[in-house]
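Please read the structure below before turning to the comments.
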Amino acid sequence: MEFNQSLRGIKIYEAGKPIELVVREFGIEPEAVVKLASNENPLGCSPKVAEAISKNAHKAYLYPDDSYYELKAELSRRFNVKDNNIIIGAGSDQVLEFIARALLNQNESVLMSRVTFAMYEIYARQMGAKIIRTSSYQHIPDEFIENYKRYRPKIIYLCTPNNPTGDGITKDEVFKIIDEVDRDTLIVIDGAYMEYAMAKDIAYKIEPNDIIDRENIIYLGTFSKAYGLGGMRVGYGIANSSLIRELYKMRPPFNITTLSLIGAIEACRDAEFVKKTIALHQKEIKRYEKFAKESGFNYIDSYTNFITYLFNNNINSTRISDALFRQGIIIRDLASYGMNAIRITVGTEEQNSRFFKIFKKVIM
Ligand SMILES: *Cc1c(COP(=O)(O)O)cnc(C)c1O
């Protein structure tokens, strides 16, 4: 059978390894496995969210309110936008997919950082679009502007802060790029880790309200990271209502589940939980920085809930990742991104201590 030609260049996305795999392969007790690979919230989700989901479990037979009225009302309040500025997706991943399908074809190209979220490329390739990357792994505004002028891409992806590197760009830098780009190019600002970035340095805070007047910019957010709802699959796009209207044409009905919707609404109402999440993170990431300095290797200053350790030639990231995996520690090897580096999600105090202990053994 002949598949679409656009599928040929696509590498299947490799998700973070699940705990079950370590249990199956090495017979390690599930409780002993430390998963620091998918940037999930180490505190889990808000207890109020868990309670709301259990209390409403019997509603599993019902389709959700397809207007997502209540969730949009919560987001409208938080971001000071109108409900027609919002589209809800099964994760912000699904919004990325809507965007690619709405705008791309084999005559178009997309621009992104050399190392960034893998799904941008996959969705763009599905549509046959050409991939252009900047030369640095960091987001360098001048590199984006230069490549924009040369190739006139249909979409520019700004992942700030960036996954899997953890670096970000300030609001001023984002606007430096925006100001050079005309209305035929969509700028996607992926703020999956914005809660962490703005808590660290307010100069990195980009508010959807800053961009909704322009028809060619969309801001993406998710409940999967700071809100601890990765398993519920809820994300959102915020943009000018004219852009949202077009993206709605791509959306299947009931694209998030009834219980995901209930969980996300409840999550919006528990700001305390996010505060606690950020406080724990800020305390624990310092240990990772100190550990790297003491062990004599470099890391990327992180604006996210993970940290990226950079190795020189005497350490191989894949060998380290495999050795950790065998000991029940799951982290992310960045070899497939062309980097000799690992990405570690900052966990609970106990998880991090265990990581340090085993990592010390493994790098000897
Ligand atoms: C996690 C993540 C997302 C979205 O995840 P969903 O679970 O699909 O909402 C989007 N972009 C980046 C950079 C991410 O790390």
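Atoms within a ligand are numbered from 1 in the order they appear, just like the ligands themselves. Nothing here was measured: the structure is a model prediction, and the numbers come from that model. Computed over heavy atoms, backbone and side chain alike; hydrogens, waters and symmetry mates excluded.
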Run the ring-centre check on Tyr248 versus Phe98 and record whether the distance is less than 6.0 Å.
no

Can you check whether Asp93 has an N/O within less than 3.5 Å of an N/O in ligand 1?
yes

Within the 6.0 Å centroid threshold, strictly below: Tyr219 and Tyr236
no

Test item: side-chain donor near acceptor, Tyr303 and Tyr204, under 3.5 Å
yes

Need the ligand 1 atom indices (1-based, order shown) with element for anything under 4.0 Å from a heavy-atom of Ser224.
6 (P), 7 (O), 9 (O)

How does Lys225 reach ligand 1, if at all, at less than 4.0 Å between non-hydrogen atoms: by side chain, backbone, both, or neither?
side chain

Is it the case that the side chains of Ser136 and Thr134 hold a donor-acceptor pair, with the cut-off being a distance below 3.5 Å and no angle test?
no

Ligand 1 atoms in contact with Asn163 (distance to a heavy atom under 4.0 Å):
13 (C), 14 (C), 15 (O)

What atoms in ligand 1 come closer than 4.0 Å to a heavy atom of Gly91?
6 (P), 8 (O), 9 (O)

What about Tyr120: any of its N or O atoms under 3.5 Å from an N or O on ligand 1?
no

Has Tyr193 got any heavy atom lying under 4.0 angstrom from an atom of ligand 1?
yes

Name the closest protein heavy atom to atom 12 (C) of ligand 1, giving the residue it belongs to and the distance to 0.1 Å.
Asp190 OD2, 3.4 Å

How close does the nearest protein non-hydrogen atom get to atom 8 (O) of ligand 1, and which residue and atom is it?
Arg233 NH2, 2.8 Å

What do you reckon, does Met119 put a non-hydrogen atom under 4.0 Å from ligand 1?
no

Go through the side-chain N and O atoms of Gln106 and Ser6 and say whether any donor and acceptor fall under 3.5 Å apart.
no

Heavy atoms only: which of Gly235, Ser92, Gly230, Ala118 is nearest to atom 4 (C) of ligand 1?
Ser92

Identify whether the distance between the nearest side-chain nitrogen and carboxylate oxygen of Lys286 and Glu289 falls below 4.0 Å.
no

Of all the atoms in ligand 1, which lie at a distance below 4.0 Å from a heavy atom belonging to Cys159?
13 (C)

For a quick test of reading the model, state the closest non-hydrogen atom pair linking Pro30 to Ile19 and the distance between them.
O-CG2, 4.2 Å

Under 6.0 Å from the CZ atom of Phe356, do we count more than 12 heavy atoms belonging to anything else shown?
yes

